[in-house]
Peer 1: 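Structure provided below as structure tokens; questions to follow.
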Protein chains: 2
Amino acid sequence: MQLTPEDRAFLDTYEPSDFPRPSVTVDLVVFTVIDSDLKVLLVQRDQPPFRTHWALPGGFVQVGDGASQGESLEQAAERELVTETGLPQGRSYLEQLYTFGRPGRDPRMRVITVAYTALVRPDLAPLVAGDDAADARWFSVEHGLPSLAFDHAEILEKGTERLRNKLDYSPVGFRLVAETFTIAELRGVHEAVMGGTYDPGNFRRRFNRMLSDGLIELAEGKRQTSRRPAKVYRFVSELR
Amino acid sequence: MQLTPEDRAFLDTYEPSDFPRPSVTVDLVVFTVIDSDLKVLLVQRDQPPFRTHWALPGGFVQVGDGASQGESLEQAAERELVTETGLPQGRSYLEQLYTFGRPGRDPRMRVITVAYTALVRPDLAPLVAGDDAADARWFSVEHGLPSLAFDHAEILEKGTERLRNKLDYSPVGFRLVAETFTIAELRGVHEAVMGGTYDPGNFRRRFNRMLSDGLIELAEGKRQTSRRPAKVYRFVSELR
DNA sequence: CCAAAAGTGTTATTTATACACCCATGT
DNA sequence: ACATGGGTGTATAAATAACACTTTTGG
């Protein structure tokens with residue numbers, strides 16, 4: 001939307017009014033699948049409130065009112081992902097999840113948090129290092145989650161629900177396998193996320209539809225791990 | 001999440017730090033269907049920037065850091081819906097849509113907006129009155145939209161896309177008909193939103209599935225408007 | 001009687017689900 | 001050779017889509 005001359009005159013004399021403002025953070029629900037188990041990345045807090053409790057990685061969005069208004073929400077999410085967890089930049093799938101702003105959700109002050117989901121390929125998952133100060137670790141979503149700080153349990157719940165929903169009508173599953181993968185590996189991801197088992201034959205049929213739709217393509221080489229070597233595929237992200 | 005004694009001691013001496021904060025608003029994509037046409041509610045701005053331009057209704061979230069941290073995001077959305085459009089309280093379906101925070105999206109200052117979708121029943125749609133100051137009107141989404149202020153065109157686009165998606169896997173369509181409705185009326189809503197036509201027989205079949213699922217029930221009376229009177233149904237919102 | 005919308009039925013095509021079976025390979 | 005996971009085929013049920021047909025009413 002273009003500014004009019006009237007707008008420019010107005011802005012030259014405009015002073016941002018002092019209506020109270022909330023703090024705004026981004027929080028990250030970082031998923032991966034390791035050993036056929038859905039994991040979420042948590043960091044241990046070293047400051048009150050909830051010191052020693054585990055929490056979702058996240059932090060304040062850098063903002064300003066002047067010539068630079070600061071970073072975008074996506075940039076803030078990507079920055080926190082890199083600095084708080086040690087994961088490499090630009091290699092994870094990021095998607096806005098939901099915004100949580102209930103009064104009292106942070107006892108210190110009014111904080112509104114824009115939650116993002118991040119999907120990390122399993123071959124990158126071991127790179128998590130954590131902050132200089134705090135620890136960062138993968139936890140199984142189904143077995144042995146610690147009690148989370150703030151309303152992060154609610155955020156994680158929403159992230160899990162959304163991931164489950166998207167898995168069967170959108171190609172997000174490919175963000176949870178390595179660059180090349182076998183049908184069984186992708187099936188393992190679906191089983192880990194959905195928490196059930198899929199018929200190998202029927203799963204293959206769905207897979208083959210995606211193949212003929214050009215969503216995935218055959219890659220070179222075969223996977224040698226199990227008994228019989230399996231064909232290896234690649235996700236075609238550049239959709240026409 | 002419970003506070004520990006350590007947390008309480010910490011909070012007693014805590015002063016919210018002066019990291020810069022953004023302004024946070026809620027904006028509303030208010031839909032209804034009138035005469036088989038999808039409409040969105042817009043208000044005309046009477047202040048720069050973008051004075052005289054049409055915009056989505058919305059406003060600042062009331063926040064604080066002290067004993068009361070202010071209103072929730074949902075409350076803010078509901079409040080703006082009532083005060084800016086004159087629609088009655090608590091009678092519209094509200095759902096969080098997406099959060100937009102690109103730097104520069106408001107030239108005055110850094111503003112992060114949490115967008116909500118509101119679905120208004122057609123029998124309530126004529127109640128829109130607008131602010132004391134500004135005008136509020138329904139516009140056809142497909143024919144004759146004015147150019148919108150800020151990034152509101154993008155927000156509306158996202159709202160329209162989401163509504164179309166949800167319409168065929170979730171029961172939101174019932175929020176766009178009156179309390180009792182005929183199959184043809186519901187079909188009209190789907191056609192208006194999706195922008196096509198549905199086979200009456202096949203649509204009826206889908207409808208009958210919802211009937212046997214207990215999602216809707218037969219209501220008293222018949223609809224007299226057309227040639228042959230049609231049966232009237234009601235949406236059963238209290239699902240078990 | 002007739003136009004028009006309500007409502008029903010038929011058929012073909014696709015998709016989902018369950019499950020039996022063959023294939024290739026490391027041990 | 002054989003156990004095991006890779007890979008294929010088939011039968012049934014259910015959902016989707018196209019479309020012909022009957023019913024009921026107001027004019």
Side-chain angles (χ1 to χ4, degrees), chain A residues 33 35-36 122 164-171 173 177-178 180-234, chain B residues 33 35-36 122 164-171 173 177-178 180-234:
Chain A
V33 173
D35 298 335
S36 296
R164 294 207 170 110
N165 279 333
K166 292 206 83 166
L167 202 57
D168 34 65
Y169 70 87
S170 116
V177 289
T180 61
F181 53 90
T182 67
I183 301 188
E185 283 164 5
L186 186 67
R187 178 163 51 87
V189 164
H190 280 244
E191 291 176 343
V193 173
M194 295 310 224
T197 67
Y198 288 90
D199 180 280
N202 294 338
F203 190 87
R204 177 178 303 275
R205 198 186 320 284
R206 282 172 57 185
F207 190 91
N208 283 333
R209 250 196 300 280
M210 295 190 274
L211 232 186
S212 52
D213 289 351
L215 206 69
I216 45 193
E217 63 184 16
L218 194 62
E220 321 74 45
K222 306 213 169 199
R223 191 66 94 241
Q224 307 273 4
T225 70
S226 73
R227 299 292 179 181
R228 169 179 171 181
K231 290 180 184 166
V232 187
Y233 298 87
R234 191 196 328 277
Chain B
V33 172
D35 298 335
S36 295
R164 293 204 171 114
N165 279 333
K166 291 205 85 167
L167 202 58
D168 36 61
Y169 69 87
S170 115
V177 289
T180 62
F181 53 90
T182 66
I183 300 188
E185 284 163 5
L186 187 66
R187 178 164 51 87
V189 164
H190 280 245
E191 289 176 344
V193 173
M194 295 310 223
T197 67
Y198 287 89
D199 180 280
N202 294 338
F203 189 86
R204 179 177 302 275
R205 199 184 321 282
R206 280 171 57 182
F207 190 91
N208 284 333
R209 249 196 300 281
M210 295 190 275
L211 232 186
S212 53
D213 288 352
L215 205 69
I216 45 194
E217 63 184 15
L218 195 61
E220 322 74 46
K222 304 214 172 201
R223 191 66 93 244
Q224 305 273 4
T225 69
S226 73
R227 300 292 178 180
R228 169 179 172 182
K231 289 181 184 165
V232 184
Y233 298 87
R234 191 197 327 277

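Naming convention: chains lettered A, B, ... in sequence-line order (proteins, then strands); numbering from 1 in each chain. It should be emphasised that the depicted structure is a prediction, and the values quoted were computed from it without experimental measurement.
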Peer 1: Within this structure, what is the CD1-to-C1' distance between A:Ile183 and C:dC23, rounded to whole angstrom?
Peer 2: 15 Å
Peer 1: Which nucleotide wins on minimum distance to the side chain of A:Asn202, given the candidates D:dC19, D:dG6, C:dA18?
Peer 2: C:dA18
Peer 1: In Å, rounded to the nearest 0.5 Å, how long is the span from CG of B:Leu218 to OG1 of B:Thr180?
Peer 2: 10.5 Å
Peer 1: Whole Å only: how far is the CG atom of B:Asp168 from the P atom of D:dA15?
Peer 2: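 It is 16 Å, rounded to the nearest whole Å.
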Peer 1: What is the separation between atom CG on A:Asn208 and atom C1' on C:dT15, rounded to the nearest whole Å?
Peer 2: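 From A:Asn208 CG to C:dT15 C1': 14 Å.
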Peer 1: To the nearest Å, how far apart are A:Lys222 NZ and C:dT25 P?
Peer 2: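 After rounding, the gap between these two atoms is 7 Å.
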Peer 1: Looking only at heavy atoms, which two atoms of B:Gly173 and B:Val189 are closest? And how far apart?
Peer 2: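 So the minimum-distance heavy-atom pair works out to O-CG1, 4.2 Å.
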Peer 1: Over all strands shown, is B:Arg209 touching base, sugar-phosphate only, or nothing at heavy-atom distances under 4.0 angstrom?
Peer 2: sugar-phosphate
Peer 1: Tell me: NE2 of B:His190 to C1' of D:dT16, nearest whole Å?
Peer 2: 16 Å
Peer 1: Looking at D:dT10, does its base get a donor-acceptor pair with the side chain of A:Arg205 below 3.5 Å?
Peer 2: yes
Peer 1: Select base, sugar-phosphate, or nothing to describe what A:Arg206 touches, counting heavy atoms under 4.0 Å on all strands.
Peer 2: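 Answer is nothing: A:Arg206 stays at 4.0 Å or more from every strand.
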Peer 1: Rounded to whole Å, please give me the gap between CD in B:Glu185 and C1' in C:dA5.
Peer 2: 13 Å
Peer 1: Roughly, in whole Å, what's the span from CE in A:Met210 to P in C:dT15?
Peer 2: 14 Å
Peer 1: Need to verify one output field. Residue with the more 5' nearest nucleotide on DNA chain D, A:Tyr233 or B:Gly201?
Peer 2: A:Tyr233
Peer 1: State whether A:Arg204 places a side-chain N or O below 4.0 Å from either non-bridging phosphate oxygen (OP1 or OP2) of D:dG7.
Peer 2: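 Yes, because at least one side-chain N or O of A:Arg204 sits under 4.0 Å from OP1 or OP2 of D:dG7.
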Peer 1: Provide, to the nearest angstrom, the distance between the CG atom belonging to A:Leu186 and the P atom belonging to D:dG6.
Peer 2: 13 Å
Peer 1: From the options B:Arg206, B:Lys231, B:Arg223, B:Arg204, select the one residue that forms a side-chain contact (heavy atoms from CB on, under 4.5 Å) with B:Ile183.
Peer 2: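 With B:Ile183 as partner, side-chain contact (heavy atoms from CB on, under 4.5 Å) holds for just one option, B:Arg204.
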Peer 1: Side chain of B:Arg228, base of C:dA6: donor and acceptor closer than 3.5 Å?
Peer 2: yes
Peer 1: Working to the nearest 0.5 Å, report the span between OH of A:Tyr233 and CE of A:Met210.
Peer 2: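 Between atom OH of A:Tyr233 and atom CE of A:Met210 there are 11.0 Å.
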Peer 1: About how many Å separate CZ of A:Arg205 and CG of A:Leu211, when rounded to the nearest 0.5 Å?
Peer 2: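 One finds 14.0 Å between CG of A:Leu211 and CZ of A:Arg205.
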Peer 1: Determine the contact category for A:Arg187: base if any of its heavy atoms lies under 4.0 Å from a base atom, sugar-phosphate if only primed atoms, P, OP1 or OP2 are that close, otherwise nothing.
Peer 2: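 The residue A:Arg187 makes sugar-phosphate contact but no base contact.
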Peer 1: Mapping A:Asp199 and B:Asp199 onto DNA chain C by nearest heavy atom, which one lands closer to the 5' end?
Peer 2: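 Final value for this comparison: B:Asp199.
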